[in-house]
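Below, chains carry the letters A, B, ... as their sequence lines are ordered, and counting in each starts from 1.
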Protein chains: 2
Amino acid sequence: MPDRRPLVVYENPPINEALEASKKAISEQKTLILVGNCWADYRGRASSKLEPGERILIIKEDGSVSVHKSKGYEPVNWQPPGCLFQSYMDNGALAIKAIKQKPREALTVCFDKVYLLSVLSLIDEGQFILYASEEEMQKAILLQPSIIEEGLKPITYEKKVEPGFIDVYGIDKDGRMVVIEIKRKTAGKEAVLQLAKYVESIKTSVNREIRGILVAPQIAKGAQKLLVTLGLGYKPLDPKKCTEILRKTETKKLAAFFK
Amino acid sequence: MPDRRPLVVYENPPINEALEASKKAISEQKTLILVGNCWADYRGRASSKLEPGERILIIKEDGSVSVHKSKGYEPVNWQPPGCLFQSYMDNGALAIKAIKQKPREALTVCFDKVYLLSVLSLIDEGQFILYASEEEMQKAILLQPSIIEEGLKPITYEKKVEPGFIDVYGIDKDGRMVVIEIKRKTAGKEAVLQLAKYVESIKTSVNREIRGILVAPQIAKGAQKLLVTLGLGYKPLDPKKCTEILRKTETKKLAAFFK
DNA sequence: GAGTGGATTTCGCAT
DNA sequence: ATGCGAAGTCCACTC
């Protein structure tokens, strides 16, 4: 009969008990938290060594691993989802080895003292939604081109050209062609150069005046200069405004637009 | 008198107790782990919403935050180090708000059920060492140029030229100039183009034959083609071998070489 | 302080 | 499967 409790906790378990509990948790594909004194070795795309110290180890249901120090939001050592595990005693220490194929790499974490071991059965159906991505900004522009400039008429989006994709492509109020490159965050030189490439690419195929507009919430100082040098335009656009536009637009209209 | 125990654990604490314990832990700059049913909202560079579900929240000593779902090694929501915190009751739920300036952003996590709350005082002096970085590979080549090819004599390293820095620069057994570009992982087109730029840059200043060699553990298929087209060379080099070479070389010799 | 480039980047999407 | 570009990228280093 499966354990329906959301979690089991062991405080200061002996190493051999910790080994048994870890093996069980991993074989049952549960989430495992271990807190204690540990060291780690990683071999794969690079090699790394983590000397002994007190840390948090998390092994998740999907076979991903992370070792957290008491500082920094990123793990000091990790392994992506899909690992195979081996747990065993190594000179009196609890060793957990997480092996991943493709790329072939292995992370071994050893504990000589476990302060806390917890086995979790997390039920999580809640969705995660991220707003105002580059795509959301693009949709907002297509739905309400006036946020860029009055009289702009979008023709296509994600148009394939030689160096990549053009975010939005249209005609301005005076009938000139417009190419828009969108950045969801501060635009740097790369963004300006990318836009320049798109404009150049179109110029060679269509012998006509092209306006390039960089759309982003902000622009870096160096990028601004480059923009002027290359004769390109810039229009600031707040991602929050895009979120608002999308919120105000009914789902049906959106679906029809992007079908 | 400070609590010297490495950790305190509360199982299924009432929400108000969880609030008190969280406030205390955060004010004392300890590491806090919360497991329970929660939801989260993020406002900042983008906006995100995480609907209710059972997850793990970690707040570290340095004011970093991560919310982990039961899958994926990366957090679903997070906040970099240096946050300010507000904890309060919100409609019967425990709310923890992590605010960061620069960029201005806030993450709010609310719990209506806490299964586990643990306050940790982690002592971690252990160092983390990552082997076989690009720099380590460069050192290995300078110490043992024969791993690239017999008769190679390095002249300089990190030589400044127009587009950037050349990793290693030397003379081959036939007296021809050699430019080496190192990548610690699979080399892509960018690496080939970078090397090509360096070679071109030198060709213009020195009117002499130049050999460009790309050194990397692997090379992408597209990059391989480009390499052939541009008439450049490629030498596979395992970063682990570099680590070995450096391990075999005494620290003194290294210090003398790079002084 | 801002800009630039690397990362055991990861992740997703298109080819 | 592979390759390319984006990310709330983060992070470290340079200017």
Side-chain angles (χ1 to χ4, degrees), chain A residues 40-50 64-67 71-82 98 100 102-107 128-138 158 160 163-165 167 181-191 194 217-226 239-240, chain B residues 40-50 64-67 72-82 100 102-107 128-135 163-165 182-186 188-191 194 217-218 220-225 239-240:
Chain A
D41 270 279
Y42 162 76
R43 290 264 157 172
R45 285 167 286 184
S47 314
S48 76
K49 185 180 183 173
L50 178 63
S64 59
V65 184
S66 46
V67 180
K71 284 173 191 172
Y73 104 88
E74 291 186 317
V76 59
N77 271 120
W78 72 91
Q79 202 69 293
K100 195 161 189 345
K102 250 189 79 62
R104 176 84 185 171
E105 46 188 356
L107 172 65
F128 174 73
I129 310 126
L130 180 66
Y131 302 101
S133 61
E134 192 171 310
E135 195 192 1
E136 307 270 339
M137 289 177 73
Q138 190 195 72
E158 294 293 332
K160 182 101 181 78
F165 283 91
D167 292 329
E181 170 65 23
I182 303 166
K183 286 291 156 194
R184 65 190 305 193
K185 53 164 190 171
T186 306
K189 282 181 185 171
E190 344 69 59
Q194 200 174 352
Q218 269 191 300
I219 186 162
K221 225 174 270 181
Q224 176 81 59
K225 279 188 195 170
L226 190 60
K240 264 178 267 182
Chain B
D41 271 279
Y42 162 76
R43 290 266 155 173
R45 285 167 287 183
S47 314
S48 77
K49 186 181 182 172
L50 178 62
S64 60
V65 184
S66 46
V67 180
Y73 103 87
E74 291 186 318
V76 59
N77 271 119
W78 71 91
Q79 204 67 293
K100 196 163 189 343
K102 250 189 79 63
R104 175 82 186 173
E105 46 189 355
L107 172 65
F128 175 73
I129 309 128
L130 181 64
Y131 300 102
S133 61
E134 194 169 308
E135 194 193 0
F165 283 91
I182 303 166
K183 287 290 157 195
R184 67 186 300 196
K185 55 165 189 172
T186 306
K189 283 181 185 170
E190 340 71 55
Q194 200 174 351
Q218 270 191 301
K221 225 175 269 181
Q224 176 80 61
K225 279 188 195 169
K240 264 178 270 182

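For A:K183 and D:dG8, the shortest distance from a side-chain N or O to OP1 or OP2 is not below 4.0 Å. At the phosphate of D:dG8, neither OP1 nor OP2 sits under 4.0 Å from any side-chain N or O atom of B:K49. Under 4.0 angstrom from either OP1 or OP2 of D:dT9 there lies no side-chain N or O belonging to B:W78.
We find that the ring of A:Y73 and the base of D:dC10 do not stack by the test of centres under 5.5 angstrom and planes tilted less than 30°.
For the C1' atoms, the distance from D:dA7 to D:dC11 is 14 Å, rounded to whole Å. Rounded to whole Å, the separation between the C1' atoms of C:dG5 and C:dT9 comes to 13 Å. Nucleotides D:dG5 and D:dT9 are separated by 13 Å at their C1' atoms, to the nearest Å. Comparing C:dT10 with C:dG6, their C1' atoms sit 14 Å apart, to the nearest whole Å.
Not a single salt bridge (charged side-chain N to carboxylate O under 4.0 Å, His left out) links B:E74 to another residue, sequence neighbours left out. Under the rule for a side-chain contact (heavy atoms from CB on, under 4.5 Å), the partners of A:S48 that lie at least two apart in sequence or sit in another chain are A:Y42, A:N77, B:F128, B:L130.
Atoms CG (B:L130) and C1' (D:dC10) sit 15 Å apart, rounded to a whole Å. Between the CZ atom of B:R104 and the C1' atom of D:dG8 there is a distance of 16 Å, rounded to whole Å. Across the protein-nucleic acid pair, A:Q79 atom CD and C:dA7 atom C1' stand 15 Å apart, rounded to whole Å. The OH-P distance, from A:Y42 to C:dT9, rounds to 7 Å in whole Å.
Inter-residue side-chain proximity for A:P80 and A:K100 is flagged as met; some heavy-atom pair is nearer than 4.5 Å.
The heavy-atom pair separating B:S66 from B:P75 by the smallest distance is CB-CB, 3.8 Å. Counting all heavy atoms, side chain and backbone alike, A:Q79 lies closest to A:L107 at NE2-N, 3.3 Å.
No contact: A:K100 has no heavy atom under 4.0 Å from any strand. Residue A:F128 is out of contact with every strand shown, counting any heavy-atom pair closer than 4.0 Å. The residue A:E74 sits close only to the backbone: its heavy atoms come under 4.0 Å of sugar-phosphate atoms, none of a base. Across all strands, B:E105 comes closer than 4.0 Å to base atoms (heavy-atom distances). Among the protein residues, B:P80 comes within range of the nucleic acid bases, having at least one heavy atom under 4.0 Å from a base atom.
When each of A:K102 and B:P81 is assigned the nucleotide of DNA chain D with its nearest heavy atom, A:K102 is the one assigned upstream, toward the 5' end.
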